[in-house]
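Notes for the one structure printed next.
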Amino acid sequence: MRIILFLFIFISTLSFAQDKTPVKRDPYLQTSSPAKPQPLKPEDKIKLINADKIIKDPAKYDGNQYFVGNVQIEQKGSILTADEVVLYSEENFAKAIGNTKLQNADGSVITAGEMEYDGNTQKGVARKNVVLTDPKQTIKTEVLYYDKLSSQAYFNTGGTISDSQGNVMYTKSATYFLDTKMIDFVGNVKIDNAQYIIEGVNIKQNQNTKVAEFFGPTTITNRANPKNRVYTERGTYRMETKEAFLNKNSKIFYNDKILTGDDMYFNQITGFGKAIGNVKLDDPKERRYVKGGYGEIFEKKDSSMITKNPYAVKIMEKDTAYFAAETIITYQRPDSLDIRIKKSFLRAYKKARIYKSNAQGRADSIAFNETDGVMHMYTKPILWSGEKQVTGDKVEAYFNTENENIDSLKVIGNALAISKVDSLTLKDEFNQVKGKYMTVYYQGNDIKEARVVGNAQSIAYVDDVNKETQKPERIGITLSACGIIGALFEERTLQIISCSIGATADTYPMSKIEPSKRKFPDFNWNTKDRIRKWQDVLVDSPNYEEIKYSSDNELYDQAQDAIEKERAKEEAKKPKRVRK
């Protein structure tokens, strides 16, 4: 349907003499050169349908004749009515004054206080309370410029555009393309709706497809929850389905979180959004952000998923924790005891890694309750603290929510704690404690104590201070086994402070204990995959060169040599049988 925004100048079939005084025109209608008027075709001439009076007053309208009372003029199926119409026949120009109304053949209507039209250029101006209506929208402004040949209507004095869906657009300047039903907003624009508000500086909107395009900083705000909004500097918005396609410097604000990316999508009805390329999900309340190559958010479930080399950074008061995996999920859930309180959770799946200054670990998956400070590590977990290592079927770490340090660990199934005897040497010496279940306690930033329940065993290197040199001197290794072991990790030793239920403990000098018994069969000290700096979480494994430790078997070997020599002597004393 075509909106014809022009005033039809009708040349009466009666001839009216006109003065030669040039008409005073709006600057928009000024001709650039006094070109010689071309003869009009009969179908282009206007026709007078009705007028109550024909008046010529030298003191009014420069002496030009004008029609008064129920004036109707017609051209090509469009009818203009007004209180008065002044015709400038030789210039093919007309002015309509008072209650002007243009009814077009396509059903569109323009009403205004007055109108001007140049029949040669087919350009016109409508002023004073201008209203343009068609089946797509209603435009209201004070001055409307229109051009029939280019099929455009334009205003720059401020106006509103309303459509059948309840959208109301406020703008200083806009151009309406009559053929395509496209509106080009220039300057500050506001589109108001029952569900949202769009504000931007350069917007184009198609009234047929109800698609808006953004070419500058634009914000789409949720009216019910103004904190939930979308920002972009280049994008497309489908107003009927509430879908936003964002392509430049874009952000999605939802539930106090911010999603950014190179290319983004968001559905305001379903609350689903996604981002591709340089994805970042920022959660200022949790002081945590997640980065990756691809991300999805679910506003109504208050959850997100980040993939393609994702990693999360949890900023703490005195430290920072880093998480990485193939997939990272974050979400919030109401507290089971008080639904007004929301708890935050982070999940890292497949090849999960964590780095913190006093604890580093890896497992197949990590689940972290950020609110309560509880972290679960599943499937082949391994956790390092200083020169100590803890492994088991499952590890649970408990954070102090005030100082954000790890207070304790629970190791469930095949628990094994290993401590390097002397971190400054490359000697193959490790204190070890193992059992079915283990609770590990931290003091400051280091593992201090372990309590093992069920088939508890320990291997502890024992030193004593030489009275003369005042230096530590190796006594041997103590092997302990009992139902429950309490062990204290000292600087160089593992001190067994309790061993109950079927306790056995034997201390062997270094010359008496063979190397194979100095480690448990499942000993798994790992230096190749250990995370030593936060950047190590960004790769599946830092793949460090495996540290080679040297075994100190000198005393044992000497003892074995002595035993072999004694055995040889005994064998030599035995009489030899000689075959005759």
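Note that these values count all heavy atoms, side chains included, but never hydrogens, waters or copies made by symmetry.
For Tyr331, the side chain to side chain donor-acceptor pair (under 3.5 Å) partners are Arg347, not counting sequence neighbours. In this structure Phe185 satisfies the ring pair (Phe, Tyr, Trp, His ring centres under 6.0 Å) test with no other residue, sequence neighbours excluded. Residues passing the side chain to side chain donor-acceptor pair (under 3.5 Å) test with Tyr237 are Gln268, sequence neighbours excluded. With sequence neighbours left out, the side chain to side chain donor-acceptor pair (under 3.5 Å) criterion links Tyr61 to Glu84. Qualifying side-chain contact (heavy atoms from CB on, under 4.5 Å) partners for Asp335, counting only residues two or more places apart in sequence or in other chains: Leu337, Ile341, Lys343.
A donor-acceptor contact closer than 3.5 angstrom is absent between the side chains of Tyr176 and Gln152. No donor-acceptor contact under 3.5 angstrom links the side chains of Thr100 and Thr81, judged on distance only.
A centroid separation of less than 6.0 Å is found between the aromatic rings of Tyr322 and Trp534. Between Phe253 and Tyr231, the distance from one ring center to the other does not fall under 6.0 angstrom.
In summary, Lys350 and Glu326 do not engage in a salt bridge, as defined by a charged side-chain N under 4.0 Å from a carboxylate O. With respect to Lys210 and Asp163, a salt bridge is recorded, a charged nitrogen being found less than 4.0 Å from a carboxylate O. In summary, Glu370 and Arg288 engage in a salt bridge, as defined by a charged side-chain N under 4.0 Å from a carboxylate O.
Of the possible polar contacts, none joining the Gln137 side chain to the Thr133 backbone as a donor-acceptor pair under 3.5 Å is found.
Applying the side chain to side chain donor-acceptor pair (under 3.5 Å) test to residues at least two apart or on different chains, the pairs with a partner in residues 292-301 are Asn228-Glu299, Tyr294-Glu296.
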